Amino acid sequence: MKVVLPDSSELELPDGATGLDAARAIGPKLAEQAVLVRSNGDLRDLRLPLQNGEQIQILTTRDKHDPDALYVLRHSAAHLLAEAARRLYPGTKVAIGPPIENGFYYDFEFPEPIGEEALERLEEEIRREIAEGREWERREVDRDEARRYFEEEGEPYKVELVDTADGSLSFYKQGDFVDLCRGPHLQNSKPIKAVKLLSLAGAYWRGDETKPQLTRVYGTAFYDPKDLEEYLHRLEEAKRRDHRRLAKDLALVDFSELAPGMPFWHPRGMVIWNVLEDLRRRENAKRGYHEIRTPQLYDSDLWRTSGHWDKFRENMFTLEAEGHEYGLKPMNCPGHCVLYGQTPHSYRELPRRLAEAGNLHRNELSGTLHGLLRVRHFVQDDAHIYCTPEQVEDEVLGCLDFAFYLYELLGLDVRAELSTRPENRLGTDEEWDKAEEALAAALERQGLAYRVSEGEGIFYGPKIDMHMSDSLGRSWQISTIQLDFQMPARFGLTYQGDDNAEHTPVMIHRALLGSLERFIGIYLEHTGGDLPLFLAPEQVRVLPVSDPYRADAESLADDLRVHGFRASVDEREETLGRRIRDAELYKIPYVVVWGERESLDALALRRRRGEQVTVSWEALLSELQSAAKV
RNA sequence: GCCGACGUAGCUCAGCUGGUAGAGCACUUCACUCGUAAUGAAGGGGUCCCCGGUUCGAGUCCGGGCGUCGGCUCCA
């Protein structure tokens with residue numbers, strides 16, 4: 001048989017040859033350094049046979065930054081961790097330990113709870129294993145043998161995996177540790193030049209809250225110690241972009257133990273908020289939305305009608321007055337439905353687009369709160385569109401167009417996701433077919449690449465979501481466009497059709513920036529706090545070089561304010577260098593120094609990131625004007 | 001909510017085996033009147049997260065609670 005190498009040359013091999021055989025046929029060095037065979041994107045263990053005619057690439061320790069090569073390395077490192085855990089903490093039961101982005105983890109049930117100091121012990125043991133040397137042996141096993149083995153070893157989680165796995169099973173053995181594993185793995189532990197265990201966490205077995213909670217040990221590994229250093233360095237860097245840090249340092253937002261998960265917006269933060277609010281209002285008006293305002297607190301009857309009392313009560317803040325139960329609204333839609341139902345509607349006035357940036361409260365689990373990205377009190381740039389079934393596709397397209405107008409304005413890249421019918425749902429399959437088709441059609445018409453998340457839709461309809469990542473690469477939902485066939489019916493909403501009969505409208509829920517809190521948080525991480533001019537809380541700061549120039553500086557700032565800019569003067573009796581530094585730390589886009597030289601006729605204009613330019617006053621104004629345009 | 005860690009001045013942090021709390025930055029005052037990222041000096045500032053316990057004595061040890069961080073679950 002023969003295989004095709006990356007340079008298109010062909011390699012003759014005996015039938016049944018493995019990846020390792022192929023490597024040996026090419027050269028002993030390659031065979032020694034080989035870690036993995038890649039064939040058409042498939043990762044295959046070196047010990048497995050190749051197929052006649054297939055194209056293969058042999059990855060080696062020199063592919064130290066290749067994600068697939070790292071994947072194998074980390075997978076093997078996870079096995080070393082399991083071996084270490086079993087040796088150091090006898091009686092430990094092992095669950096699963098896959099490689100993940102940037103590292104690996106392994107889930108264990110320890111006989112006694114372990115603390116963070118265990119990480120060092122485990123790491124030390126792994127290093128000892130590597131120093132000693134480990135070889136991985138692969139062996140196909142049948143189900144009975146595998147089950148028997150793990151039963152004897154007292155590994156109930158592995159037994160469960162044997163029973164639920166499909167396809168053929170294999171064992172990987174290194175040292176005295178045998179794991180049920182599909183592979184692929186390294187030949188031996190030599191390439192693992194750097195391992196670090198990073199953190200400890202609880203994780204439910206199979207991700208199921210009702211099952212026992214295991215202890216998850218997170219770690220990472222590299223082919224090169226330098227890469228580990230760099231990785232740890234990058235984590236440090238990411239911390240500097242953390243919106244919680246920036247929000248505090250830039251005096252935008254703060255928190256208090258007295259209101260967990262509920263931000264305090266300081267004046268500078270409020271400027272950003274208001275600019276986004278103005279943008280929202282202006283664009284909504286342009287696009288045929290009507291602004292409304294609905295109550296904050298509703299009788300529980302409303303939540304019973306909407307279905308939230310059953311499905312969402314745990315997450316609602318409730319209270320009681322005069323024997324009535326009330327719930328603080330976690331979303332605007334039920335209120336909007338009440339408002340829609342307060343007047344009769346003709347098909348001629350649909351679509352009816354109702355917008356409200358209402359204050360929402362959700363009693364999120366304490367452990368899930370996360371700065372501005374996951375809060376208990378928030379405001380969405382929310383709107384609900386009531387329309388006929390025929391209008392759905394165009395309306396969704398309108399929402400997408402609106403959303404992408406915003407992304408472009410803000411310089412954002414988002415990932416689109418279409419979530420389809422969940423198992424637990426209301427409505428008929430025909431309704432779902434139509435709804436999913438309408439969303440997909442709108443996505444195609446917008447020319448958007450999107451991922452389909454099967455079964456991730458909401459019980460009342462499918463949705464399109466847009467996601468962005470934070471500084472550590474964690475994904476957060478920003479926009480959502482949801483179809484809803486259920487709530488209008490539950491509220492008995494109607495419109496009169498051209499057939500003179502009453503029909504139930506379709507409802508589209510849409511929030512484009514999502515929650516303003518989350519949006520501002522993630523946008524701070526996205527920009528590292530260097531906001532575009534139109535969002536900067538303070539756009540220009542004028543620094544008089546010394547006392548005699550103060551009056552001039554004041555009138556310059558006045559002039560800028562007349563032109564609509566947020567400008568101030570730093571009048572403190574500090575050195576110029578100090579005042580420049582402070583302005584830079586606040587990430588103020590334009591810093592204007594005013595002294596003798598400028599008073600003659602030019603301006604020294606200093607921008608952040610050290611860029612310093614001298615321009616005329618008129619040139620500065622027009623530069624500001626074009627940069628501030630939204 | 002669950003697992004682990006953490007909580008000391010506005011911020012970043014030090015504070016040993018229990019003996020009555022400290023630094024840098026920030027802030028205030030004074031001097032300097034300044035040319036593109038920190039002028040100098042002096043001063044003020046603490047419920048050591050909260051409640052309880054052990055102890056002659058608790059920031060320090062123990063128990064409970066709250067909050068924060070990293071995960072898990074959840075995210076209509």
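Everything numeric here is computed off the predicted structure, so don't read it as measured data. Residue numbers begin at 1 in each chain, while the letters A, B, ... track the order of the sequences.
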C1' spacing across the pair B/G22 / B/G59, given as an integer number of angstrom: 12 Å
Does A/Leu198 reach a base, just sugar-phosphate, or nothing at all? Heavy atoms under 4.0 Å. nothing
For B/G35, does OP1 or OP2 lie under 4.0 Å from any side-chain N or O of A/Arg579? no
Where protein sits on nucleotides 69-74 of chain B, one letter per nucleotide: B base, S sugar-phosphate only, - none, heavy atoms under 4.0 Å: SBBBBB
Paired nucleotide for B/A5 [Watson-Crick or G-U wobble; both distances under 3.5 Å]: B/U68
Expressed in whole Å, how much space separates the C1' atoms belonging to B/A9 and B/G46? 6 Å
I'd like the C1' distance from B/U39 over to B/G35, given in whole Å. 15 Å
Is a side-chain N or O of A/Arg376 found less than 3.5 angstrom from the main chain of A/Glu364, in a donor-acceptor match? yes
So does A/Glu598 reach the base of B/G35 with its side chain, donor to acceptor, closer than 3.5 Å? yes
Specify the separation, in whole Å, of atom CZ of A/Arg313 and atom C1' of B/C75. 20 Å
To the nearest Å, give me how far apart CZ (A/Phe255) and P (B/C11) are. 14 Å
With a 4.0 Å cut-off on heavy atoms, is A/Phe459 in touch with a base, just the backbone sugar-phosphate, or nothing at all? sugar-phosphate
Nucleotide nearest A/Arg578 (side chain, heavy atoms from C-beta), chosen from B/G10, B/U36, B/U39: B/U39
By the 4.0 Å heavy-atom rule, please label A/Glu596 as base, sugar-phosphate, or nothing. base
Nearest-Å distance, CD (A/Gln612) to C1' (B/G35)? 9 Å
Between B/C48 and B/A38, how far is it from one C1' atom to the other, in whole Å? 30 Å
So, is A/Arg581 close to the B/A26 phosphate, meaning a side-chain N or O under 4.0 Å from OP1 or OP2? no
Whether A/Glu417 and A/Arg451 form a salt bridge (side-chain N of Lys/Arg under 4.0 Å from carboxylate O of Asp/Glu) is what I want to check. yes
For atom CG of A/Leu197 and atom P of B/C3, their distance in whole Å: 22 Å
Does B/A41 have a Watson-Crick or wobble partner in any strand here, with both distances under 3.5 angstrom, and which is it? B/U29
Span that lies between the C1' atom of B/U68 and that of B/C11, in whole angstrom: 16 Å
Nearest nucleotide by nearest heavy atom, which residue falls closer to the 5' end of RNA chain B, A/Ile580 or A/Thr575? A/Ile580
Does B/G24 have a Watson-Crick or wobble partner in any strand here, with both distances under 3.5 angstrom, and which is it? B/C11
Toward the 5' end of RNA chain B, by each residue's nearest nucleotide, A/Ser256 or A/Lys248: A/Lys248
Check against side chain to side chain contact (heavy atoms under 4.5 Å, CB included), A/Arg74 and A/Phe222: CA-CA 8 Å; A/Arg74 287 163 178 170; A/Phe222 292 91; 3.1 Å; yes
Pair A/Glu237 + A/Arg240: basic N to acidic O under 4.0 Å: yes
Report yes or no: is the cationic atom of A/Arg216 (NZ for Lys, CZ for Arg) under 6.0 Å from the centre of the six-membered ring of A/Tyr204, at an angle within 45° of the ring normal? no
Is it true that A/Ser471 and A/Lys239 share a donor-acceptor pair across their side chains at a distance under 3.5 Å? no
Base, sugar-phosphate alone, or nothing: which one does A/Pro548 contact when heavy atoms must sit under 4.0 Å apart? nothing
How many whole angstroms separate atom CD of A/Glu611 from atom C1' of B/A37? 16 Å
Cationic tip of A/Arg268 within the cone over A/Tyr586's six-membered ring, i.e. under 6.0 Å and within 45° of the normal? yes
Taking CD from A/Glu584 and C1' from B/A38, how many angstroms apart are they, rounded to a whole number? 13 Å
For B/C62 and B/A26, measure between their C1' atoms and round to the nearest Å. 37 Å
Length of the line joining A/Leu373:CG and B/U68:P, which is rounded to integer Å: 14 Å
In whole Å, what is the span from the CD atom of A/Glu574 to the P atom of B/G35? 14 Å
Taking only residues two or more places apart in sequence or in another chain, which ones pass side chain to side chain contact (heavy atoms under 4.5 Å, CB included) with A/Leu319? A/Leu297, A/Tyr326
Which part of the nucleic acid does A/Glu573 contact within heavy-atom distance under 4.0 Å: base, sugar-phosphate only, or nothing? base
Hey, does A/Tyr460 reach any base, or is it just sugar-phosphate, or nothing, if we go heavy atoms under 4.0 Å? sugar-phosphate
Sticking with atom C1', work out how far B/C16 lies from B/G70, rounded to a whole angstrom. 29 Å
Please determine, for B/U55, whether a Watson-Crick or G-U wobble partner exists with both distances under 3.5 Å, and give it or none. none
What's the closest nucleotide to the A/Ser546 side chain, out of B/U39, B/U33, B/C66? B/U33
P-based separation of B/A5 from B/G10 [nearest Å]: 28 Å
Describe the nucleic acid contact of A/Glu109 in one word from base, sugar-phosphate, nothing, applying a heavy-atom distance below 4.0 Å. nothing
Which pairs of donor and acceptor atoms, one on a side chain in residues 307-316 of chain A, lie under 3.5 Å apart (sequence neighbours left out)?
from, atom 1, to, atom 2, distance (Å)
A/His308, ND1, A/Ser306, OG, 2.6
A/Arg313, NH2, A/Glu325, OE2, 3.2

Can a donor-acceptor pair be found between the side chains of A/His467 and A/Gln477 at a distance below 3.5 Å? no
